[in-house]
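To start, the structure under review is shown below, and the notes come after it.
All values below come from the heavy atoms of this structure, side chains included, with hydrogens, waters and symmetry mates left out.
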Amino acid sequence: MFAQQTSGIVKYKGAIDEEFRKSFIEDFKNKDVAPDIRKGVVEMYLNAQEDTYELHFKNQESYFHYMKELENETGKGLKMGSKAGTNEFYVNLTDKKIIEKNSVLGFLEYSGIQWDVKNVTKNIGDYKCFKAVGNRKKFYQKWSD
């Protein structure tokens, strides 16, 4: 993708980090829980699937959402993805608004994010990137259907 593009679709894959998965499973095996629950949680982490997301953008607006895929019917029990979430987000940079569609709370609207750029860097490809921490204020807005 080039910086000059003002519209398009970007596809993302989300997966549980392998080191986190191994660490979590080892720690969970030592927890004081019923054996059937322990077995189910461990299997859920071992069989976690990648999640797919899409970012649609045009000029100053974007829409980020989870792409629901067909379930693998080979296993029983709980299913788990990347843990990245399934909420949808709409962003309008002109109005400085972020709207999140939350399955429990409805639509949540955020004011613009205040970024605090840190002096911590990481190279990603050919780019030197700076760590930035965002603070956002949340307020709830009920929308009728």
Side-chain angles (χ1 to χ4, degrees), residues 1-29 31 33 37-145:
M1 178 167 28
F2 300 100
Q4 293 84 0
Q5 289 182 286
T6 59
S7 67
I9 298 173
V10 180
K11 296 183 181 199
Y12 296 89
K13 292 280 187 184
I16 294 178
D17 178 73
E18 229 16 75
E19 289 301 315
F20 172 80
R21 182 192 322 247
K22 290 176 187 174
S23 172
F24 177 86
I25 290 171
E26 285 305 311
D27 290 346
F28 195 78
K29 285 180 179 177
K31 297 232 183 257
V33 294
I37 293 175
R38 181 181 298 112
K39 181 181 178 202
V41 170
V42 168
E43 284 179 10
M44 185 173 63
Y45 269 81
L46 286 173
N47 298 318
Q49 301 295 311
E50 282 187 340
D51 287 327
T52 304
Y53 301 89
E54 281 188 356
L55 172 68
H56 297 245
F57 64 96
K58 183 174 182 181
N59 300 324
Q60 299 294 306
E61 296 178 286
S62 64
Y63 173 65
F64 182 80
H65 65 104
Y66 170 74
M67 300 293 295
K68 188 169 180 139
E69 297 180 7
L70 293 176
E71 304 253 340
N72 183 350
E73 296 180 9
T74 59
K76 296 181 180 178
L78 298 172
K79 305 278 188 235
M80 182 173 174
S82 67
K83 295 179 66 178
T86 58
N87 292 350
E88 301 171 31
F89 289 87
Y90 166 77
V91 177
N92 186 315
L93 296 175
T94 304
D95 296 339
K96 298 182 181 173
K97 296 287 183 195
I98 301 170
I99 299 173
E100 174 185 2
K101 183 179 178 186
N102 183 296
S103 62
V104 175
L105 300 173
F107 290 90
L108 307 177
E109 186 170 331
Y110 303 91
S111 58
I113 297 174
Q114 301 299 314
W115 292 101
D116 181 19
V117 179
K118 305 291 184 181
N119 195 21
V120 177
T121 62
K122 177 180 183 180
N123 288 325
I124 300 176
D126 294 333
Y127 299 95
K128 181 178 182 179
C129 302
F130 286 84
K131 179 179 181 177
V133 178
N135 297 309
R136 61 183 182 184
K137 295 180 182 174
K138 202 184 282 191
F139 66 90
Y140 303 90
Q141 182 174 8
K142 183 178 178 184
W143 292 7
S144 59
D145 293 327

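- Taking all atoms of both residues into account, the shortest heavy-atom contact from R38 to V33 is NH2-O, 3.2 Å.
- Between the OG atom in S62 and the CG atom in N92 there is a gap of 8.5 Å [rounded to 0.5 Å].
- By the salt bridge (Lys or Arg N to Asp or Glu O under 4.0 Å) test, K118 is found to be paired with D116, residues two or more places apart in sequence or in another chain being considered.
- Between F24 and V41 there is a side-chain heavy-atom pair separated by less than 4.5 Å.
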Review item, side-chain donor-acceptor pairs of residues 122-133, under 3.5 Å, at least two apart:
none

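- Side-chain N or O atoms of D95 include none that pairs as donor or acceptor with a backbone N or O of K97 at under 3.5 Å.
- In this view, Y12 and F64 satisfy the ring-ring contact (aromatic ring centres under 6.0 Å, His included) rule, not counting sequence neighbours.
- In this structure, the separation between NZ on K39 and CD1 on I37 is 13.5 Å, given to the nearest 0.5 Å.
- For the 3.5 Å distance criterion, the side chains of E88 and Y66 fail to qualify, holding no donor opposite an acceptor.
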N/O donor-acceptor pairs under 3.5 Å from side chains in residues 13-23, not counting sequence neighbours:
{"unit_1": "K13", "atom_1": "NZ", "unit_2": "T52", "atom_2": "OG1", "d": "3.0"}
{"unit_1": "D17", "atom_1": "OD2", "unit_2": "E19", "atom_2": "N", "d": "3.2"}
{"unit_1": "D17", "atom_1": "OD2", "unit_2": "F20", "atom_2": "N", "d": "3.1"}
{"unit_1": "E18", "atom_1": "OE1", "unit_2": "R21", "atom_2": "NE", "d": "3.2"}
{"unit_1": "E18", "atom_1": "OE1", "unit_2": "R21", "atom_2": "NH2", "d": "3.3"}
{"unit_1": "E18", "atom_1": "OE2", "unit_2": "R21", "atom_2": "NE", "d": "3.4"}
{"unit_1": "R21", "atom_1": "NH1", "unit_2": "Y45", "atom_2": "O", "d": "2.5"}

Could you go through residues 54-61 and list every donor-acceptor pair under 3.5 Å that involves a side-chain atom there, pairing it with any protein atom two or more places apart or in another chain?
{"unit_1": "E54", "atom_1": "OE1", "unit_2": "H56", "atom_2": "NE2", "d": "2.8"}
{"unit_1": "H56", "atom_1": "NE2", "unit_2": "H65", "atom_2": "NE2", "d": "3.4"}
{"unit_1": "E61", "atom_1": "OE2", "unit_2": "Y90", "atom_2": "OH", "d": "2.3"}

